[in-house]
Visitor: 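I have a structure I would like to understand better, so I am pasting it below and will then ask my questions one at a time.
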Amino acid sequence: MAEIRNNWTKEEIAEIYNSPLLDLIYRAATVHRENKDYSEVQISSLLSIKTGGCPEDCAYCPQAARYHTDLEVQALMSVEQVTDAAQKAKAAGASRLCMGAAWREVRDNKDFDRVIDMVKSVNSLDMEVCCTLGMLTESQAQRLADAGLYAYNHNLDTSEDDYKRIITTRSYDDRLKTIDNARKAKLTVCSGGIIGLGETVEDRISMLKTLSNMSKHPESVPVNALVPVKGTPLADQPRVSVWDMVRMIATARIIMPKTVVRLSAGRTEMSLSDQALCFMAGANSIFAGDKLLTTPNPAFNEDMQMFEILGLKPREAFKNGRPEKWSEISAEA
Ligand code: SAM
Ligand code: DTB
Ligand code: SF4
């Protein structure tokens with residue numbers, strides 16, 4: 001079993017990231033096999049519960065109100081709509097539902113009361129419930145936890161130094177504070193980033209250092225490839241190469257051996273063999289369903305065919321216990 005370390009240096013991470021590709025994949029696959037059932041892949045379904053009209057200026061995001069994208073703005077869904085979508089996702093094999101809202105932060109109002117009811121409803125379906133709602137105070141995190149929330153997603157997106165180039169309406173420290181608030185409420189943490197924003201390899205390494213130096217590693221780390229959207233400042237960014245995706249995933253797997261590493265946005269541009277390499281390099285989660293939050297994702301049937309061909313199986317929900325037993329849960333094994 002690999003040792004869990006929270007003191008990785010930039011030099012060590014860079015050495016791993018820049019090692020010859022096949023050595024890197026071999027090492028990551030070895031760590032994966034020592035620490036995980038490598039044939040199990042978690043299927044998470046995404047649901048945009050409130051779409052567009054966001055006041056933030058994240059340069060990659062089609063939901064920022066200030067950019068002119070072809071997005072249809074949608075007010076907060078009803079609890080019934082969410083329950084219905086969750087049931088469908090569960091029937092299709094998803095064990096986790098991640099609900100996303102285009103909010104800067106959570107406010108203590110009727111909308112948040114409704115999200116609390118959504119969390120209760122999805123939790124009662126025996127699915128792991130995840131939310132990504134923007135910034136959060138400790139008491140809001142506690143309310144979500146009390147309602148049965150399993151995980152909170154809050155991505156770092158890039159390195160601390162690069163952050164100001166991508167987002168000016170909040171700081172890296174704001175981001176870290178919210179993650180800390182989720183931790184204080186004993187929620188599991190899902191936090192990762194995006195590659196293809198125009199960042200350097202050093203930025204990627206620095207972000208991986210921040211994640212792996214947290215006192216507890218995030219239980220999930222999503223690795224997103226930028227989906228360039230017309231109307232956003234990053235619309236013309238070239239697509240990232242699959243090799244960069246593989247390097248990010250493999251490095252995350254090696255330095256955070258127990259974490260669920262998610263091959264997230266960008267799969268529509270990847271072939272089956274590209275994705276197979278990512279699974280080999282340690283990815284053990286995907287978002288399934290033909291839509292991410294607002295952009296396309298491979299069709300569910302295609303993913304099931306891919307699982308069949310690669311001999312992968314969906315991971316069941318709550319493998320490490322239910323939220324009532326938080327004290328007994330360490331990292332997701
Ligand atoms: N508003 C909340 C927030 O920003 O935390 C939650 C929703 S936000 C859309 C969730 C995450 O989606 C972002 O942190 C970012 O990592 C990812 N994301 C957004 N647009 C993307 C894009 N075009 N390509 C890849 N990932 C994207
Ligand atoms: C994550 O890291 N990626 C997901 C989820 N967490 C919330 C979101 C990807 C969004 C891609 C762009 C879109 O569909 O709007
Ligand atoms: Fe808003 Fe989140 Fe999009 Fe940023 S990433 S503009 S906070 S929805």
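As the structure lists them, so they are numbered: ligands from 1, and atoms in each ligand from 1. Along the sequence shown, residues are numbered consecutively beginning with 1.
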Visitor: Met207 and Met248: side chain to side chain contact (heavy atoms under 4.5 Å, CB included), yes or no, with the steps?
Guide: CA-CA 11 Å; Met207 182 183 79; Met248 278 303 280; 3.8 Å; yes
Visitor: What verdict does the side chain to side chain contact (heavy atoms under 4.5 Å, CB included) test give for Glu12 and Ser212, after you've listed the backbone C-alpha separation in whole Å, the side-chain angles of each residue and the deciding distance to 0.1 Å?
Guide: CA-CA 12 Å; Glu12 285 174 313; Ser212 65; over 6 Å; no
Visitor: Less than 3.5 Å apart, any donor N or O on the side chain of Asn284 or Arg253 sitting next to an acceptor on the other?
Guide: yes
Visitor: Any luck finding a side-chain donor-acceptor pair between Tyr17 and Arg204 under 3.5 Å?
Guide: yes
Visitor: Under a 4.5 Å cut-off applied to non-hydrogen side-chain atoms, are Leu136 and Leu144 in contact?
Guide: yes
Visitor: If you measure only the distance, is there a donor-acceptor pair under 3.5 Å linking the side chains of Gln142 and Asp146?
Guide: yes
Visitor: Considering Glu105, Gln237, Met135, Arg175 one by one, which has a heavy atom nearer to atom 3 (C) of ligand 1 than any of the others?
Guide: Arg175
Visitor: Considering only protein heavy atoms, determine whether one is less than 4.0 Å from atom 12 (O) of ligand 1.
Guide: no
Visitor: Can you list the atoms of ligand 1 that are under 4.0 Å from a heavy atom of Ala225?
Guide: 25 (C)
Visitor: Can you list the atoms of ligand 1 that are under 4.0 Å from a heavy atom of Asp157?
Guide: 14 (O), 15 (C), 16 (O)
Visitor: Among protein heavy atoms, which sits nearest to atom 9 (C) of ligand 2, and what does the distance come to when rounded to 0.1 Å?
Guide: Asn224 OD1, 4.0 Å
Visitor: Is there a donor-acceptor contact under 3.5 Å linking the side chains of Arg262 and Ser285?
Guide: yes
Visitor: Return the closest protein heavy atom for atom 4 (C) of ligand 2 as residue, atom name and distance.
Guide: Phe287 CE1, 3.6 Å
Visitor: Examine Ile49 and Leu292 and state if one hydrophobic cluster contains both, with Ile, Leu, Val, Met, Phe, Trp and Tyr joined whenever side-chain heavy atoms are less than 4.5 Å apart.
Guide: no
Visitor: I need the contact residues for ligand 3: any residue with a non-hydrogen atom closer than 4.0 Å to the ligand, ordered by chain then number.
Guide: Cys54, Glu56, Cys58, Tyr60, Cys61, Ala64, Ala102, Trp103, Arg170
Visitor: Of all the non-hydrogen atoms in the protein, which one sits nearest to atom 15 (O) of ligand 2, and at what distance?
Guide: Thr294 OG1, 2.6 Å
Visitor: What protein heavy atom is closest to atom 10 (C) of ligand 1, reported as residue, atom name and distance in Å?
Guide: Thr132 OG1, 4.1 Å
Visitor: Starting from atom 21 (C) of ligand 1, find the nearest protein heavy-atom neighbour and note its residue, name and distance.
Guide: Tyr60 CD1, 3.7 Å
Visitor: Indicate yes or no for a side-chain donor-acceptor contact from Thr132 to the backbone of Asn153 under 3.5 Å, with no hydrogens or angles considered.
Guide: yes
Visitor: Less than 3.5 Å apart, any donor N or O on the side chain of Ser206 or Asp203 sitting next to an acceptor on the other?
Guide: no
Visitor: If the contact criterion is a heavy-atom separation under 4.0 Å, does Ala101 count as touching ligand 1?
Guide: yes
Visitor: Just distances here: any N/O of Arg170 and N/O of ligand 1 closer than 3.5 Å?
Guide: no
Visitor: Answer yes if the side chains of Arg183 and Tyr152 hold a donor-acceptor pair under 3.5 Å, and no otherwise.
Guide: no
Visitor: Does Ala102, backbone or side chain, put an N or O under 3.5 Å from an N or O of ligand 1?
Guide: no
Visitor: Is the shortest side-chain heavy-atom distance between Asp274 and Glu269 below 4.5 Å?
Guide: no
Visitor: Quiz question: by atom type and distance under 3.5 Å, do the side chains of Tyr60 and Asn224 form a donor-acceptor pair?
Guide: no
Visitor: Looking only at heavy atoms of Gly134, does any of them come nearer than 4.0 Å to an atom of ligand 1?
Guide: yes
Visitor: Which heavy atom of the protein is the closest neighbour of atom 12 (C) of ligand 2, given with residue, atom name and distance?
Guide: Thr295 OG1, 3.6 Å
Visitor: One pair to check against salt bridge (Lys or Arg N to Asp or Glu O under 4.0 Å): Lys177 and Asp173. What are the steps and the verdict?
Guide: CA-CA 6 Å; Lys177 185 92 187 79; Asp173 270 354; over 6 Å; no
Visitor: Give the atoms of ligand 2, by number and element, whose distance to some non-hydrogen atom of Pro222 is under 4.0 Å.
Guide: 2 (O)
Visitor: Can a non-hydrogen atom of Asn153 be found less than 4.0 Å from any atom of ligand 2?
Guide: yes
Visitor: Specify the protein heavy atom at minimum distance from atom 8 (C) of ligand 2: its residue, its atom name, and the distance to 0.1 Å.
Guide: Leu293 CD1, 3.9 Å
Visitor: Please write down residue, atom name and distance for the protein heavy atom closest to atom 23 (N) of ligand 1.
Guide: Val227 O, 2.9 Å
Visitor: Which atoms from ligand 1 have a heavy atom of Leu293 less than 4.0 Å away?
Guide: 9 (C)
Visitor: Under the side chain to side chain contact (heavy atoms under 4.5 Å, CB included) test against Asn18, which residue among Thr251, Ile13, Val201, Leu24 passes?
Guide: Val201
Visitor: Do Val246 and Val221 sit in the same hydrophobic cluster, where Ile, Leu, Val, Met, Phe, Trp and Tyr count as joined when their side-chain heavy atoms come under 4.5 Å apart?
Guide: yes
Visitor: Where on Val227 is there a heavy atom closer than 4.0 Å to ligand 2, on the side chain, on the backbone, on both, or on neither?
Guide: neither
Visitor: Answer yes or no: is there a side-chain heavy-atom contact under 4.5 Å between Tyr172 and Ile167?
Guide: no
Visitor: If we count only non-hydrogen protein atoms and require a distance under 4.0 Å, does atom 8 (S) of ligand 1 qualify as touching the protein?
Guide: no
Visitor: In the protein, what heavy atom is nearest to atom 17 (C) of ligand 1, and what distance, to one decimal place, separates them?
Guide: Ile194 CD1, 4.2 Å
Visitor: What are the atoms of ligand 2, with element, lying closer than 4.0 Å to any heavy atom of Leu46?
Guide: 4 (C), 5 (C), 7 (C)
